[in-house]
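These notes concern the structure reproduced below.
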Amino acid sequence: MTFQVDPISPVELDVNWLIVTIAEEDNFHPQLQKIDDALNGQLTRLKENGDLTGKSGSVVKILDAEGIAASRLLVIGLGDPAKLERTAFDKAAMTAIRSITEKEYRSAGVVLNSSATHDVNLLTQSEIWAKSIVVGGFGQGLHKAEKDRFSLKDVTFVIESASVEPEVKESVARGRMLGDAINLTRELVNRTPDEMYPESFAARARQVADEYENLKCEIWDQKRLEDEKMGSMLAVARGSDREPRLVIMEYLNGGPDAPTIALVGKGVTFDSGGYSIKPSQGMITMKCDMAGAATVLGALSAIAEMGLKVNVIGMMGMVENLVSGKAYKLGDVLTARNGKTIEVHNTDAEGRLVLADVLSYAADREVDYIIDLATLTGACVVALGMDVVGLFSNNDDWSNKVLAAAKSCGESIWPMPMFDEYNELLKSDLADVKNIGGRWGGAITAAKFLENFVNETAWVHLDIAGPAYAESSKPHQEGGASGVMVKTLVETVLQLK
Ligand code: BES
Ligand code: ZN
Ligand code: ZN
């Protein structure tokens with residue numbers, strides 16, 4: 001895919017598709033006006049007839065555009081310009097790109113809009129478009145005989161003035177790197193459980209690390225995990241014929257004075273529920289249960305590609321949760337790495353058992369900050385729906401930093417309470433804690449369980465069970481893995497610098 005930034009007139013750009021935005025307002029922005037003039041007022045007439053409204057996400061296509069050099073024109077609506085935010089712009093850009101990538105087209109031009117009425121500035125627009133072109137052209141049909149999603153080959157970003165070219169180029173490059181990272185995460189999650197299991201995930205992680213000189217990868221096998229006393233994670237892995245792995249990736253490019261942040265991911269490559277087995281309907285999508293780990297790997301690849309001057313350690317706990325004669329049982333008592341004992345009341349609450357050991361390893365490494373990401377609880381989806389990530393933390397400053405980063409890149413996170421009272425629900429008669437807290441507040445008791453393993457380290461837990469995976473496609477989003485939180489992780493790390 002080639003990306004160019006060009007101060008050419010939009011009517012002169014010879015491409016398969018020319019894409020331009022329109023807001024719900026009286027006047028066309030200057031670039032749109034040029035196109036309308038070249039089309040002899042066709043857009044004005046469409047607007048007068050009520051067919052070109054500018055409503056958010058509305059798509060108008062002119063397939064035989066006469067008067068402009070492009071063969072086809074797509075006008076994408078942005079809604080009320082006074083209320084335009086990054087998220088809405090992103091949805092509009094994704095909708096536009098997804099609507100022209102179902103067939104194979106070679107080239108497209110995106111007309112950037114420097115009209116001052118819009119809050120989403122030129123550079124943000126450039127980044128979002130570049131990211132959306134990369135993500136929107138990549139589908140989940142990995143195993144289809146006939147492709148149903150095609151990526152564009154040559155894309156030109158049309159700017160009004162050559163003076164902004166260097167900054168726009170930078171934003172486009174950044175958007176593209178984010179898009180590639182999001183697609184990596186999406187691909188890993190979309191792979192079948194037979195393709196993506198602890199060992200194969202670890203091999204992919206190593207491949208990614210091999211691309212960058214300062215990204216190191218260490219992989220712990222079963223024996224090493226035993227030596228390291230990771231009894232909680234190992235118990236979950238026991239029911240599977242596939243061995244567990246802990247993938248540790250170090251990117252220490254910030255120097256000794258910069259803080260170090262650990263990114264910890266739940267990597268359950270398939271969650272059957274174990275003996276607390278899931279019904280078929282709930283099990284079908286459980287290849288997505290390694291999305292936390294895939295998000296960490298995606299974010300690290302972007303951080304390394306951008307060459308950020310930061311210290312980040314990724315830790316991905318990879319297991320498969322199955323049933324067999326060797327599987328862990330309800331009533332078992334496990335000893336985690338930090339010595340705490342856990343009574344198992346539900347083998348489907350396995351993610352927290354994996355994270356317990358990985359988090360205590362992160363705490364042992366004395367990092368300054370931890371973020372863990374996990375498709376941890378259905379309860380979080382009940383609380384916040386499919387599109388919002390739940391945030392749980394032991395440290396307000398750290399939590400505010402992550403929330404601010406998410407806001408600035410247009411991803412939706414909502415903070416949840418962590419009152420000590422919830423600990424009562426996790427008390428066990430014969431061990432230090434149990435692995436479930438009962439019916440109510442399930443996302444919170446899961447987080448309170450995790451808190452037992454981070455010591456005093458500033459820690460944020462992100463429950464991505466809802467947003468990590470979409471069961472069906474929408475105009476702005478392909479079904480399957482979403483790559484949610486890759487941008488937020490990169491932005492959080494960037495803002496720590
Ligand atoms: N992997 C699931 C959570 C999940 C649910 C992820 C839906 C994505 C979509 C997790 O391991 C799980 O099964 N959690 C249980 C916890 C319960 C047994 C306390 C749940 O949410 O039902
Ligand atoms: Zn489970
Ligand atoms: Zn799970």
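Read the numbers this way: they start at 1 and go in the same order the structure lists the ligands and their atoms.
- Within the 4.0 Å heavy-atom criterion, the part of Asp289 lying near ligand 1 is the side chain and not the backbone.
- Nearest non-hydrogen protein atom to atom 20 (C) of ligand 1 is Gly378 N, 3.8 Å.
- Ala374 lies apart from the Zn ion (ligand 3) in this respect, since none of its N, O or S atoms is found at a distance under 2.8 Å.
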Practice problem: Carefully, step by step, assess Glu478 and Ser473 under the rule side chain to side chain donor-acceptor pair (under 3.5 Å). | Solution: CA-CA 5 Å; Glu478 175 104 354; Ser473 295; 4.7 Å; no

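- Asp289 has a carboxylate O that lies under 4.0 Å from a charged side-chain N of Lys266, or vice versa, which qualifies the two as a salt bridge.
- Distances from the Zn ion (ligand 3) show that Asp348 has no N/O/S atom below 2.8 Å.
- The Zn ion (ligand 3) forms the vertex of an angle spanning OE2 of Glu350 and OD2 of Asp289; to the nearest 10 degrees it equals 100°.
- In Asp271, the N, O or S atom that comes nearest to the Zn ion (ligand 2) is OD2.
- Shown in contact with Ala465 at under 4.0 Å from a heavy atom are these atoms of ligand 1, numbered in order with element: 6 (C), 8 (C), 9 (C).
- Remark: ligand 1 atoms within the under-4.0 Å shell around heavy atoms of Thr375 are 1 (N), 2 (C), 3 (C), 6 (C).
- The shortest N/O to N/O separation between Asn346 and ligand 1 does not fall below 3.5 Å.
- Protein heavy atom nearest atom 9 (C) of ligand 1, with residue, atom name and distance: Met286 CE, 3.6 Å.
- Scanning the protein for heavy atoms near atom 2 (C) of ligand 1, the closest one is Asp271 OD2, 3.6 Å.
- Remark: Arg186 fails to qualify as a cation-pi partner of Phe138 under the 6.0 Å distance and 45° angle criteria applied to the six-membered ring.
- Classification of the Tyr422-Phe419 ring pair by plane angle, with boundaries at 30° and 60°, yields parallel.
- In this model, a donor atom of one side chain and an acceptor atom of the other lie less than 3.5 Å apart for Ser428 and Glu343.
- Geometrically, Arg238 does not engage Tyr328 in a cation-pi contact, judged by NZ or CZ lying under 6.0 Å from the ring centre and within 45° of the ring axis.
- Polar contact check, Thr377 against ligand 1: no nitrogen or oxygen pair lies under 3.5 Å apart.
- Pairing each heavy atom of Ile413 with each of Ala406, the nearest pair is CD1-CB, 3.5 Å.
- Atoms of ligand 1 lying under 4.0 Å from any heavy atom of Glu350, numbered from 1 in the order shown and given with element: 11 (O).
- Salt bridge annotation for Arg86-Glu127: present, with a cationic side-chain nitrogen under 4.0 angstrom from a carboxylate oxygen.
- Residue contacts with ligand 1, taken as heavy atom pairs separated by less than 4.0 Å, do not involve Glu471 at all.
- Side chains of Gln207 and Glu211: no donor on one and acceptor on the other come within 3.5 Å.
- Closest to atom 19 (C) of ligand 1 by heavy atom, among Ile436, Leu353, Asp463, is Ile436.
- Of all the atoms in ligand 1, the ones that sit under 4.0 Å from a non-hydrogen atom of Lys278 are 2 (C), 12 (C), 13 (O).
- Between Trp220 and Tyr361, the ring centre distance stays below 6.0 Å.
- Side-chain N or O atoms of Arg98 include one that pairs as donor or acceptor with a backbone N or O of Lys474 at under 3.5 Å.
- Nearest protein heavy-atom neighbour of atom 15 (C) of ligand 1: Asp348 O, 4.0 Å.
- Of all atoms in ligand 1, listed by their number and element, those nearer than 4.0 Å to a heavy atom of Lys266 are 1 (N), 10 (C), 11 (O).
- Nearest protein heavy-atom contact of atom 14 (N) of ligand 1 is Leu376 O, 3.4 Å.
- Ranking protein heavy atoms by distance to atom 16 (C) of ligand 1, first place goes to Arg352 NH2, 3.8 Å.
- The existence of a salt bridge linking Lys287 and Asp194 is excluded, since no basic side-chain nitrogen approaches an acidic carboxylate oxygen closer than 4.0 Å.
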